Amino acid sequence: MRTSASRNQASIQRTPLIALAAVALAAAIGYWKFTPIERQLSAQIIQFEVTSEPDEARTPPIRESLVATVTFANGGEKAETISKARFLVSSKEDLSAPRSWSPTIQRDSMLRDLNIPPGESITHTFIIPWTGRRETLYFPDGSQIHLGFSISSITADGEPITLTKRFGYVVQKDGRIANSDHQLLVLEFPRE
(Lines give C-alpha, C1' and ligand atoms only; values in the text may rest on other atoms or scores of the structure.)
Protein backbone atom coordinates (compact mmCIF):
# COMPACT_ATOMS: atom_id res chain seq x y z
CA MET A 1 0.00 0.00 0.00
CA ARG A 2 2.75 2.37 0.82
CA THR A 3 4.37 1.82 -2.57
CA SER A 4 1.27 2.77 -4.55
CA ALA A 5 0.64 5.74 -2.26
CA SER A 6 4.08 7.14 -2.95
CA ARG A 7 3.59 6.55 -6.68
CA ASN A 8 0.32 8.49 -6.63
CA GLN A 9 1.98 11.29 -4.72
CA ALA A 10 4.80 11.55 -7.32
CA SER A 11 2.39 11.65 -10.23
CA ILE A 12 0.35 14.38 -8.54
CA GLN A 13 3.47 16.54 -8.20
CA ARG A 14 4.47 16.11 -11.90
CA THR A 15 1.07 17.08 -13.30
CA PRO A 16 1.28 20.81 -12.38
CA LEU A 17 4.78 21.01 -13.86
CA ILE A 18 3.62 19.47 -17.14
CA ALA A 19 0.62 21.84 -17.26
CA LEU A 20 2.87 24.84 -16.55
CA ALA A 21 5.31 23.78 -19.29
CA ALA A 22 2.42 23.37 -21.74
CA VAL A 23 1.10 26.87 -20.93
CA ALA A 24 4.59 28.37 -21.32
CA LEU A 25 5.07 26.61 -24.66
CA ALA A 26 1.67 27.79 -25.91
CA ALA A 27 2.50 31.37 -24.85
CA ALA A 28 5.89 31.23 -26.62
CA ILE A 29 4.32 29.90 -29.84
CA GLY A 30 1.59 32.54 -29.69
CA TYR A 31 4.15 35.31 -29.17
CA TRP A 32 6.30 34.01 -32.03
CA LYS A 33 3.32 33.62 -34.37
CA PHE A 34 1.58 36.93 -33.69
CA THR A 35 4.56 39.23 -33.05
CA PRO A 36 5.26 41.18 -36.23
CA ILE A 37 8.59 40.52 -37.90
CA GLU A 38 10.84 43.56 -37.73
CA ARG A 39 11.61 45.10 -41.12
CA GLN A 40 14.54 47.44 -41.65
CA LEU A 41 15.20 48.01 -45.34
CA SER A 42 17.38 50.85 -46.65
CA ALA A 43 19.45 52.02 -49.60
CA GLN A 44 22.53 54.22 -49.26
CA ILE A 45 24.25 56.03 -52.12
CA ILE A 46 27.88 55.50 -51.19
CA GLN A 47 29.53 57.01 -54.27
CA PHE A 48 28.72 59.17 -57.27
CA GLU A 49 31.09 60.22 -60.02
CA VAL A 50 31.28 61.32 -63.62
CA THR A 51 33.68 58.98 -65.37
CA SER A 52 35.66 59.89 -68.50
CA GLU A 53 37.35 57.37 -70.77
CA PRO A 54 39.19 57.95 -74.04
CA ASP A 55 37.31 56.66 -77.09
CA GLU A 56 38.89 57.37 -80.48
CA ALA A 57 35.70 56.33 -82.29
CA ARG A 58 33.83 59.35 -80.89
CA THR A 59 33.90 63.06 -81.58
CA PRO A 60 35.04 64.45 -79.19
CA PRO A 61 37.21 61.36 -78.47
CA ILE A 62 35.93 60.79 -74.96
CA ARG A 63 33.14 58.80 -73.34
CA GLU A 64 31.47 60.08 -70.17
CA SER A 65 29.10 58.25 -67.86
CA LEU A 66 27.19 59.04 -64.68
CA VAL A 67 27.99 56.35 -62.11
CA ALA A 68 26.20 55.85 -58.77
CA THR A 69 27.11 53.05 -56.37
CA VAL A 70 24.36 52.04 -53.96
CA THR A 71 24.31 49.63 -51.02
CA PHE A 72 20.98 47.96 -50.23
CA ALA A 73 20.78 46.73 -46.63
CA ASN A 74 18.29 44.47 -44.89
CA GLY A 75 18.58 44.83 -41.13
CA GLY A 76 15.32 42.98 -40.56
CA GLU A 77 14.46 39.42 -39.65
CA LYS A 78 13.24 38.10 -43.01
CA ALA A 79 14.29 38.27 -46.64
CA GLU A 80 13.24 41.44 -48.48
CA THR A 81 12.81 42.17 -52.17
CA ILE A 82 13.44 45.50 -53.86
CA SER A 83 10.93 45.30 -56.70
CA LYS A 84 12.50 48.22 -58.59
CA ALA A 85 15.45 50.56 -58.06
CA ARG A 86 16.25 53.41 -60.46
CA PHE A 87 18.95 56.02 -60.88
CA LEU A 88 17.04 59.06 -62.22
CA VAL A 89 17.96 62.13 -64.25
CA SER A 90 15.44 64.91 -64.78
CA SER A 91 15.25 68.57 -65.76
CA LYS A 92 12.73 69.02 -62.93
CA GLU A 93 13.80 69.29 -59.31
CA ASP A 94 10.65 67.46 -58.20
CA LEU A 95 11.39 63.83 -59.01
CA SER A 96 8.06 62.44 -57.82
CA ALA A 97 7.04 62.19 -61.50
CA PRO A 98 10.29 61.69 -63.47
CA ARG A 99 10.35 62.79 -67.10
CA SER A 100 8.92 60.16 -69.40
CA TRP A 101 10.65 61.37 -72.58
CA SER A 102 13.71 59.20 -71.90
CA PRO A 103 12.67 55.63 -71.16
CA THR A 104 16.05 54.51 -72.54
CA ILE A 105 18.03 56.28 -69.81
CA GLN A 106 15.73 54.98 -67.11
CA ARG A 107 15.92 51.42 -68.48
CA ASP A 108 19.73 51.53 -68.63
CA SER A 109 19.90 52.49 -64.96
CA MET A 110 17.25 50.18 -63.49
CA LEU A 111 17.46 47.12 -61.25
CA ARG A 112 14.52 44.76 -60.69
CA ASP A 113 13.61 42.06 -58.16
CA LEU A 114 16.68 42.26 -55.93
CA ASN A 115 16.34 39.72 -53.09
CA ILE A 116 18.27 40.57 -49.90
CA PRO A 117 18.60 37.94 -47.13
CA PRO A 118 18.06 39.07 -43.51
CA GLY A 119 21.02 40.86 -41.96
CA GLU A 120 22.87 41.23 -45.28
CA SER A 121 23.64 43.98 -47.78
CA ILE A 122 24.21 44.05 -51.54
CA THR A 123 26.09 46.74 -53.45
CA HIS A 124 25.21 47.60 -57.05
CA THR A 125 26.64 50.18 -59.46
CA PHE A 126 24.22 52.05 -61.74
CA ILE A 127 25.74 53.50 -64.92
CA ILE A 128 24.16 55.98 -67.32
CA PRO A 129 26.27 56.38 -70.49
CA TRP A 130 26.13 60.10 -71.29
CA THR A 131 28.36 61.32 -74.11
CA GLY A 132 26.77 61.12 -77.54
CA ARG A 133 23.28 60.10 -76.41
CA ARG A 134 20.43 61.73 -78.31
CA GLU A 135 18.47 61.99 -75.04
CA THR A 136 21.00 64.48 -73.65
CA LEU A 137 19.86 67.00 -76.28
CA TYR A 138 16.70 67.49 -74.23
CA PHE A 139 18.79 69.15 -71.52
CA PRO A 140 19.81 72.70 -72.44
CA ASP A 141 23.45 73.68 -71.94
CA GLY A 142 24.12 75.37 -68.61
CA SER A 143 20.96 74.12 -66.89
CA GLN A 144 20.91 71.76 -63.92
CA ILE A 145 20.15 68.12 -64.65
CA HIS A 146 18.81 66.78 -61.36
CA LEU A 147 20.00 63.42 -60.08
CA GLY A 148 17.78 61.21 -57.97
CA PHE A 149 17.27 57.71 -56.78
CA SER A 150 14.04 55.72 -56.40
CA ILE A 151 13.40 52.36 -54.74
CA SER A 152 10.17 50.37 -54.53
CA SER A 153 9.21 47.49 -52.26
CA ILE A 154 6.13 45.85 -50.75
CA THR A 155 5.03 46.52 -47.16
CA ALA A 156 4.10 43.75 -44.70
CA ASP A 157 0.44 44.47 -45.59
CA GLY A 158 1.14 43.80 -49.26
CA GLU A 159 0.97 47.46 -50.29
CA PRO A 160 3.59 48.88 -52.70
CA ILE A 161 5.74 51.71 -51.35
CA THR A 162 8.21 53.89 -53.28
CA LEU A 163 10.81 56.28 -51.92
CA THR A 164 12.27 58.91 -54.27
CA LYS A 165 14.91 61.48 -53.33
CA ARG A 166 17.11 63.94 -55.15
CA PHE A 167 20.80 63.89 -54.28
CA GLY A 168 22.45 66.41 -56.61
CA TYR A 169 22.80 67.69 -60.14
CA VAL A 170 25.11 67.88 -63.13
CA VAL A 171 25.46 70.64 -65.73
CA GLN A 172 26.35 69.86 -69.33
CA LYS A 173 28.00 71.98 -72.01
CA ASP A 174 28.18 70.85 -75.64
CA GLY A 175 26.99 67.36 -74.72
CA ARG A 176 29.61 66.85 -72.00
CA ILE A 177 29.36 67.20 -68.23
CA ALA A 178 30.83 70.58 -67.26
CA ASN A 179 30.38 70.27 -63.48
CA SER A 180 28.42 68.45 -60.80
CA ASP A 181 27.37 68.73 -57.19
CA HIS A 182 25.92 66.02 -54.99
CA GLN A 183 25.38 64.79 -51.45
CA LEU A 184 25.38 61.13 -50.55
CA LEU A 185 22.10 60.06 -48.97
CA VAL A 186 20.22 57.19 -47.33
CA LEU A 187 16.67 56.13 -48.20
CA GLU A 188 15.05 54.20 -45.35
CA PHE A 189 11.72 52.44 -45.51
CA PRO A 190 9.49 52.89 -42.45
CA ARG A 191 10.24 50.25 -39.82
CA GLU A 192 7.44 47.80 -39.19
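Here the structure is a predicted model, which means the values were calculated and not measured.
- The salt bridge (charged side-chain N to carboxylate O under 4.0 Å, His left out) test applied to Arg112 returns no partner, not counting sequence neighbours.
- Nearest approach of Asn115 to Pro117, heavy atoms of both residues: O-CD, 3.8 Å.
- The CG atom of Leu185 lies 4.0 Å from the CD1 atom of Ile45; values are rounded to the nearest 0.5 Å.
- Under the salt bridge (charged side-chain N to carboxylate O under 4.0 Å, His left out) criterion, the residue pairs touching residues 167-176 are Glu64-Arg176, with sequence neighbours excluded.
- Residues Phe149 and Leu187 meet the side-chain proximity criterion, which asks for heavy atoms closer than 4.5 Å.
- Annotation for Ile151 and Ala43: closest pair CD1-CB, 3.7 Å, computed over non-hydrogen atoms.
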Give the C-alpha distance, both sets of side-chain angles, the deciding distance and a yes or no for side-chain contact (heavy atoms from CB on, under 4.5 Å) between Ile116 and Ile82.
CA-CA 8 Å; Ile116 309 169; Ile82 302 282; 4.0 Å; yes

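- No side-chain heavy atom of Leu41 sits under 4.5 Å from any side-chain heavy atom of Phe72.
- Following chains of ILVMFWY side-chain contacts shorter than 4.5 Å, one can reach Ile128 starting from Val50, so the two form part of one hydrophobic cluster.
- Once rounded to the nearest 0.5 Å, the distance linking CD of Glu49 with OG1 of Thr69 reads 7.0 Å.
- Note on Val67: it does not cluster hydrophobically with Ile46, by side-chain heavy-atom contacts below 4.5 Å among ILVMFWY residues.
- The structure places CZ of Arg86 at 7.0 Å from OG1 of Thr164, a figure rounded to the nearest 0.5 Å.
- When hydrophobic clusters are built by joining Ile, Leu, Val, Met, Phe, Trp and Tyr residues whose side-chain heavy atoms come closer than 4.5 Å, directly or via intermediates, Tyr169 is not grouped with Phe139.
- A search for salt bridge (charged side-chain N to carboxylate O under 4.0 Å, His left out) contacts involving Glu159 returns nothing, not counting sequence neighbours.
- In this structure, the side chains of Ser91 and Tyr138 stay at 4.5 Å or more apart for every pair of heavy atoms.
- Looking only at side-chain heavy atoms (C-beta outward), Lys92 and His146 stay at 4.5 Å or farther from each other.
- The OG atom of Ser65 sits 15.0 Å away from the CZ atom of Phe126 when rounded to the nearest 0.5 Å.
- Pairing each heavy atom of Arg63 with each of Asp55, the nearest pair is NH2-OD2, 3.1 Å.
- Considering only residues two or more places apart in sequence or on other chains, Thr71 meets the side-chain hydrogen bond (donor to acceptor under 3.5 Å, both in side chains) condition with Thr123.
- If you chain together ILVMFWY residues whose side-chain heavy atoms come under 4.5 Å of each other, Val186 ends up in a group of its own.
- Both Ile122 and Phe87 belong to a single network of hydrophobic side chains, linked directly or stepwise wherever heavy atoms of I, L, V, M, F, W or Y lie under 4.5 Å apart.
- Between Gly175 and Asp141, the shortest heavy-atom distance links the atoms N-OD1, 4.2 Å.
- In this structure, CD on Glu188 lies 7.5 Å from CD on Gln40, to the nearest 0.5 angstrom.
- Under the 4.5 Å side-chain criterion, counting only non-hydrogen atoms from C-beta, Leu147 is in contact with Val89.
- In this structure, the side chains of Leu66 and Ile177 come closer than 4.5 Å at one or more pairs of heavy atoms.
- Take His182 and apply the side-chain contact (heavy atoms from CB on, under 4.5 Å) test, not counting sequence neighbours, and it matches Phe48, Phe167, Leu184.
- No side-chain heavy atom of Glu120 sits less than 4.5 Å from a side-chain heavy atom of Asn74.
- Rounding to the nearest 0.5 angstrom, the gap separating the CD1 atom in Ile62 from the CD atom in Glu56 is 10.5 Å.
- Counting heavy atoms from C-beta on, the side chains of Trp130 and Gln172 come closer than 4.5 Å.
- Annotation for Pro129 and Ile127: closest pair CD-O, 3.6 Å, computed over non-hydrogen atoms.
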